[in-house]
Enquirer: 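Right, I'll just put the structure down here and ask away after.
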Amino acid sequence: MSNILTLAYLVPLFPLIGFLVNGLLRKQLNKPLIGIIGSGSILASFIVSLLIFLQVKNGASDVITYFNFISVGDFSIPFAFQIDQLSSIFLLIITGVGFLIHVYSTSYMHEEKTEHFGRYFAYLNLFVFSMLLLVMGANYVIMFIGWEGVGLCSYLLIGFWFKKPEYNKAANKAFIMNRIGDLAFLIAIFWIIGKVNSVGYTEVLAAAQATGDAQVFSAFDLTGITILLFIGATGKSAQIPLYTWLPDAMAGPTPVSALIHAATMVTAGIYMIARSNILYTLSPLTLDIITWIGLATALLAATIALKQNDIKKVLAYSTVSQLGYMFLALGTGAYVAAVFHVMTHAFFKALLFLGSGSVIHAMGGEQDIRKMGGLSKHMKVTNFTFLIGCLAIAGIPGLSGFFSKDEILANAFIKSPVIYGIGLFTALLTAFYMFRLYATTFLGKFRGTHEQEHHLHESPAAITIPLIVLAVLSVVGGYVGIPAFIKEGAHSLNSFLSPVVAESNTILGEHHISHSTEWMLAGISTVLIIIVVIFAWTKFSKRPDTEEATGFGKVLADKWYVDELYEKIIVNPLEKLGGFFNRVMETSVIDGLVNGVGRLVNYGSRQLRLIQSGQVGNYVLLMVLSMLLIFAIQFFLRK
Amino acid sequence: MNALFFSAIFGVIMMFSAVLLRQKSAMRALAIAGMLFLLLVNILEMNGTVLIHFNTAGMMEFDRFALLVNTILISSTLIYFLLSARDIEKAGQDYGEYFTLIFFILAGSFLVASFKSLLIFFLGIEIISIPLYILTGADKRNLKSNEASLKYFLMGVFSTGIMLMGITLIYGAAGSFEVAKLNLGGENVSALTIAGMLLLLFSMSFKVSAAPFHFWTPDVYDGAPTVFTSFMATIVKAALFIGFIRLFDESFGALSATWQLWVAVLTAATLFVGNITAVFQQSVKRMLSYSSIAQAGFMLMALFAMNNAAKEGILLYAAAYSLATIGIFAVLARMSDYTFEGFNGLARQQPLIAATLTICILSLAGIPLTAGFLAKFYMLKAVLTTGAHFWLLIFAVLMAAVSAYYYFRVIQAMYFKEGNATISANTTFKTTLVVLAALIILLGLFRESYLTGFILDRI
Amino acid sequence: MPIIYYIILSIALFSIGIVGVLTRRNAIIIFMCVELMLNAVNLLLVAFSKMHYNAALKDGLVAGADGQLFVFFIMVVAAAEVSVGLAIIVMMYRNIHSVDVNFLNRLKH
Amino acid sequence: MSITEILFAVLTVVALFGAMMVITSRNPIYSVLWLILTFFAISGHYILLNAQFLAIVNIIVYAGAIMVLFLFVIMLMNLNKETEPSRNRWLKMAGVIGGGCLMLVLVAALRDIDIKDNIANVGHGDIGLLKNLGKELFTTYVVPFEISSILFLSAMVGAVVIGKKN
């Protein structure tokens with residue numbers, strides 16, 4: 001095994017084979033076989049990825065060219081894969097989490113007809129293939145191919161249960177919003193081609209650093225390109241203003257939400273920016289924009305999550321919010337922290353989604369948390385793993401979320417205490433709504449129908465085992481990035497990724513804050529988060545946030561006078577805020593904007609249709625007038 | 001020359017077969033055999049074996065570019081025959097005659113692909129146009145078909161008049177019809193030349209349905225029998241585009257500073273009209289006719305850029321666009337309901353056909369890993385290389401995004417909607433569709449090996 | 001005769017043809033107006049052919065036959081167009097008993 | 001004013017007047033007759049330009065065959081009345097103005113082209129003779145000549161397809 005990197009093509013090849021087999025033979029195969037092919041192909045990819053990762057860890061990295069994809073004169077785009085630290089980490093996340101979710105799906109989707117079961121796994125494999133292409137490509141065009149591919153699969157999977165028309169609409173919305181982002185991405189690619197005459201990362205990033213006579217990009221070019229790329233990223237990674245598709249995308253099956261809309265596809269934007277980090281480092285304006293967009297998204301989505309009652313919607317807004325966090329990290333130049341958070345987030349958010357899937361499964365398709373409650377008694381494993389997920393996302397010390405979140409906040413503090421403050425506030429909101437969710441779902445009394453209660457059961461092993469594995473990862477995943485103030489030099493992720501971001505770090509310079517400040521920041525956030533968690537826990541386990549519980553709450557009203565107070569000064573305003581953002585910002589401003597574009601196109605279409613009157617005379621007249629106009633301009637104005 | 005000669009011969013053979021053969025399947029087999037034969041002789045010619053040789057006095061040149069175009073046209077027609085030959089029966093009663101006309105149209109296309117004299121160009125355009133008027137009106141008792149035919153005819157001869165005036169003015173300035181002797185470069189370009197060139201630009205814009213000369217397209221495509229719409233919108237359009245590009249490259253290349261801006265304006269207008277109007281259509285057939293306008297906008301970008309990427313790209317575009325559209329039309333021709341709802345639930349009844357159709361649509365929408373994406377990429381790269389009019393590129397990308405909206409309505413109907421749409425399809429039909437889809441993917445992946453070697457010596 | 005006279009005459013005839021196409025409703029008349037346009041082109045071609053003949057004669061060369069032959073080919077094409085066009089018009093007439101192009105409006109949108 | 005100039009002027013006036021009458025006559029039959037007159041005037045121009053062969057062909061093919069075909073179709077359809085309803089007045093006006101402007105623009109653009117001194121001399125030149133044209137046609141132009149047979153074949157097949165009764 002001299003150089004496993006040459007086998008890199010196997011990584012996307014396995015899912016592709018899985019897709020073809022499952023897609024073409026889905027009528028001939030039976031369900032277990034489809035499941036084995038679907039999951040097995042991803043497992044095979046995972047093993048190869050692991051071997052690649054080990055090799056990369058020993059310092060290997062390479063660009064492997066397979067064939068010439070496009071070549072015109074001196075311009076060519078090779079079909080090449082870039083295997084380095086950044087891509088190998090993403091490979092592990094995609095194939096690893098992907099495998100677990102495939103296993104989970106074999107049980108979760110078991111009630112589908114064999115044909116649909118096969119279709120589902122075919123799509124899922126195709127998605128993994130596209131995602132791997134996105135991550136492994138050695139140039140922007142291959143990335144774009146994967147980028148479109150994941151969008152397409154996401155579209156197909158959101159609309160998987162096509163019987164419900166609103167799902168259809170959600171699929172469309174996701175598609176259109178992604179298209180807007182893709183548009184910007186494509187224009188950026190052409191801008192780059194125009195300047196560098198190449199799209200390879202190596203060439204582009206080298207060109208970006210050229211100065212003096214060799215300078216390729218002007219400051220304007222850099223800003224323009226990075227902003228366009230960032231718009232692309234906002235589409236895929238659900239940032240303001242293109243985020244509303246993600247909550248709607250929850251119409252798809254839950255494992256899909258876990259894989260595509262939490263762990264992998266939505267982090268593509270972060271990958272893209274981390275990949276082109278030098279470009280961003282060189283254009284501070286874009287970095288500022290990213291910081292503020294990320295922060296605003298994190299805050300906005302967190303406030304909206306406060307009011308949601310659909311278990312998947314809460315998680316969806318939480319995902320948007322966490323993605324905002326990652327962009328905040330990118331904006332502050334903390335590329336490693338962003339990747340770190342991508343990783344930990346992949347673990348605990350996949351865990352939470354899969355856990356919610358387990359709950360929905362047990363509840364017979366019910367997603368409204370007001371009709372749940374007290375599930376901890378019935379679903380021990382789900383309860384426990386879900387709790388770990390909540391603790392991890394809230395940022396309780398010792399779990400993975402703490403480390404990555406803390407790193408982001410510390411970097412935000414370096415940039416500006418205001419940003420830090422808003423970031424911390426968002427973290428507190430996160431802790432609050434997550435434990436509102438947890439307590440309402442798992443604690444208290446069961447509020448569903450008798451029939452549902454009767455059917456409550458722990459899910460089968462194919463569901464619980466991925467939950468347990470992800471729970472373990474959510475706990476230990478953070479220990480690859482132990483911050484320097486706890487133990488010097490223990491941040492192994494940092495040292496691992498350092499070749500990728502070396503140039504950026506040199507340009508940005510090392511801004512360290514003293515260890516004591518870091519201790520203090522971590523301490524403050526920990527204490528506040530724990531207070532919020534306890535508050536939410538006690539509040540919602542005793543008095544769940546439901547209308548049905550008012551009678552019960554009234555009894556306790558006198559005892560919990562303090563609670564009432566909190567209610568008045570903290571919870572009510574918060575919920576008002578959530579409602580406000582949900583109503584005003586999302587429905588009017590953002591949806592209005594996006595729908596407005598659609599309406600404009602429709603209007604234009606209708607107007608243009610009128611010209612098509614069916615009358616030969618009118619057609620010829622219009623042709624003659626156009627000719628006249630062109631002649632007149634050509635001969636009398638263009639001299 | 002091989003293909004030209006034998007296409008005319010086969011036209012005549014088909015004409016007699018209409019009288020001599022009783023069985024329609026025999027005529028069909030003969031037509032397919034003829035097309036295979038054309039493919040064979042054309043490939044022979046590519047390898048240097050010229051079976052028939054005439055002295056054309058420099059009016060035609062069968063260079064590799066022309067031969068490659070011929071190959072693309074013949075292969076597309078072959079696939080078209082395999083998919084749709086059976087449906088031609090539905091268009092009208094003169095089965096053999098339709099094949100005759102199609103062979104003649106191909107002969108015209110070969111002329112247009114290899115002309116070196118404006119006379120041959122003109123004759124080629126007319127040999128393409130006149131049979132098309134007839135094919136459009138093939139469904140004689142259908143008023144829509146009648147109407148489309150008459151409309152197409154009246155506007156077509158009008159544009160012929162415009163074209164002839166253009167050629168005449170060019171002749172006035174240059175004293176020759178031969179492309180090589182036009183000598184249009186230099187400091188003082190005569191107003192005659194400019195006017196003639198613009199008139200040719202208008203008439204060719206009409207032929208390839210570029211806005212604002214596109215008005216006939218939706219009506220004619222909608223009214224014509226669907227099988228013939230398929231032929232018109234794909235193979236014929238590709239041939240006309242090749243002629244358009246050859247004309248402006250070889251004859252007016254030196255004047256590109258003058259026409260480039262106009263082509264850019266026409267391109268933008270075409271993209272806009274085609275894409276925006278397609279959004280509102282309820283009938284898939286009409287949507288496809290607007291989409292053919294939109295795709296023409298993309299192909300016009302090759303004319304605008306006129307560099308290596310453009311010439312290479314237009315071949316790829318012609319192939320990618322023709323293949324995908326033939327596939328969609330072949331399925332459409334067998335549908336009972338042409339509206340989007342008519343496709344509801346097709347994926348459940350005919351999963352294989354729906355899947356291949358999806359690949360065709362993805363290719364038209366320019367989704368990566370299909371030939372359509374690569375072709376669009378080439379066009380955009382070509383525009384980029386000119387270094388001017390970056391706005392055109394941005395506008396084109398924007399319009400390509402809009403196009404996804406209406407293309408995906410078909411996919412949505414097939415996969416996400418309840419319905420019982422189904423079509424009758426035999427094994428040949430299905431196999432051809434699969435081959436078509438595979439071709440689209442393969443062209444999208446490994447274009448290199450297909451094209452570069454053939455054309456590099458020409459460009 | 002200065003060539004410009006012929007150019008103006010020809011463009012005038014051509015434009016009259018265009019105006020006819022634009023203003024008439026009878027398909028046959030429209031077609032005839034197109035024939036008028038073609039004849040304007042023919043006239044100009046012959047004039048140009050003569051012009052090039054004269055220009056070449058100064059250098060002792062012979063030129064201009066190509067223009068006249070082109071006219072010949074235009075006539076060929078025109079004849080073919082007429083046969084097809086009139087057939088289409090007759091077919092239309094058989095169906096709707098009119099040759100008024102304003103009735104051609106079943107296809108729109 | 002020489003005789004050729006007078007002839008030119010007369011023929012021009014006749015051609016333009018005939019053309020105007022073609023598009024203004026209400027009766028299609030008159031339109032055809034006026035168009036035939038225009039063709040005769042154009043043939044006269046051909047003779048002035050020493051294109052004798054084309055002059056004859058123009059009369060035989062156009063005025064003789066094609067226009068008779070038109071006449072025949074009009075008679076067949078019984079359109080020899082002033083039945084054509086008039087097009088919308090505004091559209092008509094737009095058509096006239098549009099066509100007129102196109103003419104003005106083209107004439108203005110081509111007014112001062114630099115080939116003004118090239119005179120289309122009348123009275124000498126023999127390329128227009130049948131012998132010379134025929135030689136050219138069957139040597140250099142033999143391929144296009146043969147190709148035009150494809151055009152005729154397709155027109156013939158087309159006319160049969162369209163004209164045949166089911």
Enquirer: Can you tell me which portion of B:L380 sits under 4.5 Å from chain A's heavy atoms? Options are side chain, backbone, both or neither.
Expert: both
Enquirer: Scan residues 128-143 of chain A for pairs that pass side chain to side chain donor-acceptor pair (under 3.5 Å), counting only residues two or more places apart or in two chains.
Expert: A:Y140-A:S276
Enquirer: Check each atom of B:F373 against the heavy atoms of chain A and say whether the ones under 4.5 Å are side chain, backbone, both or neither.
Expert: side chain
Enquirer: Ring pair (Phe, Tyr, Trp, His ring centres under 6.0 Å) between A:F81 and A:Y9: does it pass, once the steps are laid out?
Expert: CA-CA 8 Å; A:F81 288 155; A:Y9 65 89; 8.6 Å; no
Enquirer: Please classify the contact between B:T385 and chain A as side chain, backbone, both or neither, with a heavy-atom cut-off of under 4.5 Å.
Expert: neither
Enquirer: Given heavy-atom pairs under 4.5 angstrom as the criterion, report whether the side chain, backbone, both or neither of B:L384 touches chain A.
Expert: side chain
Enquirer: Ignoring hydrogens and angles, write down the donor-acceptor pairs under 3.5 Å from the side chains of residues 403-410 of chain B, residues two or more places apart or on other chains.
Expert:
unit_1 : atom_1 : unit_2 : atom_2 : d
B:S403 : OG     : B:A400 : O      : 2.6
B:Y406 : OH     : B:N275 : OD1    : 2.6
B:Y407 : OH     : B:S291 : OG     : 2.9
B:Y407 : OH     : B:Q295 : NE2    : 2.9
B:R409 : NH1    : B:V279 : O      : 3.2
B:R409 : NH1    : B:Q281 : O      : 3.2

Enquirer: For A:L625, which atoms come within 4.5 Å of any heavy atom of chain B: side chain, backbone, both, or neither?
Expert: neither
Enquirer: For A:N197, is it the side chain, the backbone, both, or neither that has a heavy atom closer than 4.5 Å to a heavy atom of chain B?
Expert: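 When you check distances to chain B, only side chain atoms of A:N197 fall under 4.5 Å.
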Enquirer: Of the backbone (N, CA, C, O) and the side chain (C-beta and beyond), which part of B:A195 lies under 4.5 Å from a heavy atom of chain A, both, or neither?
Expert: both
Enquirer: Quick one: sort the A:F67 and A:F69 rings into parallel, tilted or perpendicular, breaks at 30° and 60°.
Expert: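 Perpendicular.
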Enquirer: Knowing that exactly one of A:V128, A:V135, A:L133 qualifies, which makes a side chain to side chain contact (heavy atoms under 4.5 Å, CB included) with A:M131?
Expert: A:V135
Enquirer: Tell me, for B:A365 versus chain A, whether the close heavy atoms (under 4.5 Å) come from the side chain, the backbone, both or neither.
Expert: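 The answer is the backbone of B:A365.
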Enquirer: Begin with the C-alpha distance, continue with both residues' side-chain angles, and end with the deciding distance and a verdict on side-chain contact (heavy atoms from CB on, under 4.5 Å) for B:L362 and A:L152.
Expert: CA-CA 10 Å; B:L362 292 181; A:L152 185 67; 3.8 Å; yes
Enquirer: Looking at chain A, which one of B:W262, B:W216, B:F390 has the largest number of heavy-atom pairs inside 4.5 Å, strictly under?
Expert: B:W262
Enquirer: Check whether A:L24 gets within reach of chain B through its side chain, its backbone, both or neither, counting any heavy atom under 4.5 Å.
Expert: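 A:L24 has no heavy atom closer than 4.5 Å to chain B.
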Enquirer: Give the C-alpha distance, both sets of side-chain angles, the deciding distance and a yes or no for side-chain contact (heavy atoms from CB on, under 4.5 Å) between A:M627 and B:I162.
Expert: CA-CA 10 Å; A:M627 280 160 52; B:I162 303 281; 3.5 Å; yes
Enquirer: Is it the side chain or the backbone of A:L186 that comes within 4.5 Å of chain B heavy atoms, both, or neither?
Expert: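 For A:L186, side-chain heavy atoms alone lie under 4.5 Å from chain B.
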Enquirer: Considering only heavy atoms, which portion of B:A382 lies under 4.5 Å from any heavy atom of chain A: side chain, backbone, both, or neither?
Expert: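 Neither part; nothing is under 4.5 Å.
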Enquirer: Please lay out, stage by stage, how B:E147 and B:K151 fare under the test salt bridge (charged side-chain N to carboxylate O under 4.0 Å, His left out).
Expert: CA-CA 6 Å; B:E147 182 184 329; B:K151 247 182 210 177; 3.2 Å; yes
Enquirer: Just give me the residue among B:L261, B:V383, B:L352 that pairs up with chain A most often, heavy atom to heavy atom, under 4.5 Å.
Expert: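 Winner by heavy-atom pair count: B:L261.
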Enquirer: Out of A:F79, A:F75, A:F144, A:W147, return the one with the most heavy atom pairs under 4.5 angstrom to chain B.
Expert: A:F75
Enquirer: Given B:F158 and B:F213, is the ring pair (Phe, Tyr, Trp, His ring centres under 6.0 Å) satisfied, shown in steps?
Expert: CA-CA 12 Å; B:F158 180 76; B:F213 305 96; 9.8 Å; no
